[in-house]
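The structure appears right after this line, and notes come after that.
Heavy-atom basis, side chains included; hydrogens, waters and symmetry copies ignored. Along the sequence shown, residues are numbered consecutively beginning with 1.
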Amino acid sequence: MFQIDNQSRVAVYEQILHQAERYILAGLLPPEEKLPSVRSLSVQLGVNPNTVQRAYTELERAGLIVTAPGRGAFVTTGSRNLLASRRREECLAQLRTLVAELVVCGLTLDEIIEEVRRQ
C-alpha cells in the first residue's frame with residue numbers, strides 16, 4: 001500500500017504521512033483500521049524504523065491515529081472528517097487567493113461566479 005519515491009525531494013517520513021492522509025480520506029484506511037507495525041513497514045519500504053516512527057508520531061499528533069502499546073497504531077474514528085475539514089479550509093484559502101488575483105486582473109465578481117457555475 002505505502003510506496004516511497006526515492007527521487008522525490010519530499011522527506012520519506014512526509015511521504016508516508018501524506019499517503020496515510022490520502023488513504024484515510026479515500027476510505028482505504030477506515031476508522032479503527034490497524035496500520036502496519038513500524039518494523040514491518042520499515043522493512044517493506046526499506047527505510048529506517050525511526051523514519052516510520054516519525055510519520056506515525058506526526059499522524060498521532062494530528063489526531064489521525066492512536067497508538068496502543070503492545071497492540072499497534074489504529075486510525076481514529078474522526079480522522080476522515082478531520083482531514084476533510086482541513087482540506088476544505090485549505091481549498092477555500094486557495095480560492096480566496098485566486099479570486100483576489102482575478103479581481104486584480106479586471107474580472108468582476110459576477111464574471112467569476114458565472115465562470116464557476118459553468119464548471
Side-chain heavy atoms nearer than 4.5 Å, only ILVMFWY residues, links allowed to pass through others: does that put Leu83 and Tyr56 together? yes

Does atom CZ of Arg9 have more than 12 heavy-atom neighbours, drawn from other residues, nucleotides or ligands, at distances under 6.0 Å? no

Report yes if the side chains of Ile112 and Thr108 come closer than 4.5 Å at any heavy-atom pair, otherwise no. no

Please say yes or no: joined through hydrophobic side-chain contacts below 4.5 Å, possibly via intermediate residues, are Val10 and Val12 part of one cluster? no

Look at atom CD of Glu32 and say whether more than 12 heavy atoms of other residues, nucleotides or ligands are closer to it than 6.0 Å. no

Heavy-atom closest contact (Ala84 atom, Leu25 atom, distance): N-CD2, 3.7 Å

same_hphob_cluster(Phe74, Leu82) at 4.5 Å side-chain heavy-atom cutoff: no

Interatomic spacing from CE in Met1 to CG in Leu35 - rounded to 0.5 Å: 9.0 Å

Side chains of Glu89 and Leu92, heavy atoms from C-beta outward: is any pair under 4.5 Å? yes

Ile113: hydrophobic cluster co-members (side-chain, 4.5 Å): none

Go through Glu115 and Arg118 one step at a time and tell me if the side chain to side chain contact (heavy atoms under 4.5 Å, CB included) criterion holds. CA-CA 5 Å; Glu115 188 60 35; Arg118 287 186 210 161; 3.1 Å; yes

Gln3 atom CD, neighbour heavy-atom count above 12 within 6.0 Å: no

Trace of the side chain to side chain contact (heavy atoms under 4.5 Å, CB included) decision for Ile16 with Leu45: CA-CA 10 Å; Ile16 296 168; Leu45 298 175; 3.9 Å; yes

Residues 38-61 vs salt bridge (charged side-chain N to carboxylate O under 4.0 Å, His left out), sequence neighbours excluded, gives Glu58-Arg61

Side chains of Ser8 and Gln15: closer than 4.5 Å at any heavy-atom pair? yes

Examine Leu28 and Val52 and state if one hydrophobic cluster contains both, with Ile, Leu, Val, Met, Phe, Trp and Tyr joined whenever side-chain heavy atoms are less than 4.5 Å apart. yes

Scanning both residues in full, the closest heavy-atom pair of Ile65 with Ala73 reads CD1-CB, 4.1 Å

Would you say Leu64 and Val75 make side-chain contact, with heavy atoms under 4.5 Å? no

Using a distance-only test with no angle check, is there a side-chain donor-acceptor pair under 3.5 angstrom linking Gln44 and Ser40? no

Any donor-acceptor pair under 3.5 Å from Thr51 side chain to Val47 backbone: no

Is Phe2 reachable from Val43 through a run of I, L, V, M, F, W or Y residues, each pair having side-chain heavy atoms under 4.5 Å apart? no

Here the gap from Leu29 atom CG to Ile24 atom CD1, rounded to the nearest 0.5 Å, amounts to 5.5 Å

Which atom pair, heavy atoms only, marks the closest approach of Glu21 to Arg86? OE2-NH2, 2.9 Å

Heavy-atom check, side chain of Ser85 versus side chain of Arg88, under 4.5 Å: yes

Examine distances only and state if a side-chain atom of Thr76 and a backbone atom of Val66 form a donor-acceptor pair shorter than 3.5 Å. no

Is Asn50 close to Val38 at the side-chain level, that is, under 4.5 Å between some pair of heavy atoms? no

For Glu101, which of Thr97, Val99, Val103 qualifies under side-chain contact (heavy atoms from CB on, under 4.5 Å)? Thr97

